[in-house]
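We're numbering straight along the sequence, starting at 1. Atoms within a ligand are numbered from 1 in the order they appear, just like the ligands themselves.
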Amino acid sequence: MYDREKFLKALENKGYKARYFATGKEAADYVCSQVKGCTVGFGGSATIEELDLVDRLAENNTCFSPEMKYRPKELTFNEAALDTLRTDVFLLSVNGAAEDGTLVNIDGTGNRVGSSLFGHKKVYFIFSENKVMPTLDEAVERARNVASPKNAAFLECRTPCAVKGDKCYDCSSPDRICNAMVIYMHAMEGTEMEVVLTGETLGY
Ligand code: SF4
């Protein structure tokens, strides 16, 4: 079990704004109230999908997502992902977090973690507190052995983790989705970063 107040304080000490909401809907309402009249890019995220944030934010913003269900049919994934790199605002989740305010993400193509580091006025990390672990080692363990296998299964990857559903096998599969891991030690210089944390369990 983690200490929520300690986590929120640690995030602020690392340069993030940090807000907690009991429910996903409250968190989504908050983000929608803050982001208007902007270009908005998205990293692939089950949390963002569950909160319907692409469609909700598109009501008052111009949104770009490389996901098949949102991107223009004439664009490839990479072409659509390039459109997310220079938006005013970028939204993503995390695969794990540590109580000391460190965040963890694993990516296959790099568009999600790459865009989270540079190129925007503001980045929002939206995730539920079940992803917050007492230590960084446990956050990395979660990202590798819980979040990534679940994501691989959702994406119907032909990987051992997706078939067995128990842990990462550090596979050599052509469908491997884990090629880079980013440890966010502190909010990036020159980009406003905000964590929106929910009590309601969302995503993987
Ligand atoms: S490295 Fe391979 S086995 Fe491990 S989580 Fe990623 S896709 Fe699954």
Could you go step by step and tell me if D100 and K6 meet the salt bridge (charged side-chain N to carboxylate O under 4.0 Å, His left out) rule? CA-CA 8 Å; D100 71 355; K6 186 175 171 186; over 6 Å; no
If the cut-off is 4.0 Å to any non-hydrogen atom of D170, which atoms of ligand 1 fall inside it?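 This gives 1 (S), 3 (S), 4 (Fe) as the contact atoms.
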Only heavy atoms of S148, strictly under 4.0 Å: list the atoms of ligand 1 that pass.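 Result: 5 (S).
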Are F127 and Y20 grouped together when hydrophobic residues (ILVMFWY) are joined by side-chain heavy atoms under 4.5 angstrom apart?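 Result: yes, single cluster for both.
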Using a distance threshold of 2.8 Å, state whether an N, O or S atom of C171 lies below it from atom 8 (Fe) of ligand 1.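 It does not; every qualifying atom lies at 2.8 Å or beyond.
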Identify which of P149, C168, C161 has a heavy atom lying nearest to atom 4 (Fe) of ligand 1.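 Looking at heavy atoms only, the winner is C168.
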Under a 3.5 Å cutoff, is there a donor and acceptor pairing between the side chains of D175 and S173?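 Looking only at side-chain atoms, S173 and D175 do not form any donor-acceptor pair under 3.5 Å.
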Okay, side chain of N151, backbone of A147: is any donor-acceptor separation there less than 3.5 Å?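 Absent.
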For atom 3 (S) of ligand 1, what's the nearest protein heavy-atom neighbour? Residue, atom name and distance, please.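 Here the closest protein heavy atom is Y169 N, 3.2 Å.
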Would E49 and K69 count as a salt bridge (charged side-chain N to carboxylate O under 4.0 Å, His left out) if you check the C-alpha gap in whole Å, the side-chain angles of each, and the deciding distance to 0.1 Å? CA-CA 11 Å; E49 194 62 33; K69 91 181 251 198; 2.6 Å; yes
Below 2.8 Å, any N, O or S contact between C178 and atom 6 (Fe) of ligand 1?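 An N, O or S atom of C178 is closer than 2.8 Å to atom 6 (Fe) of ligand 1, so yes.
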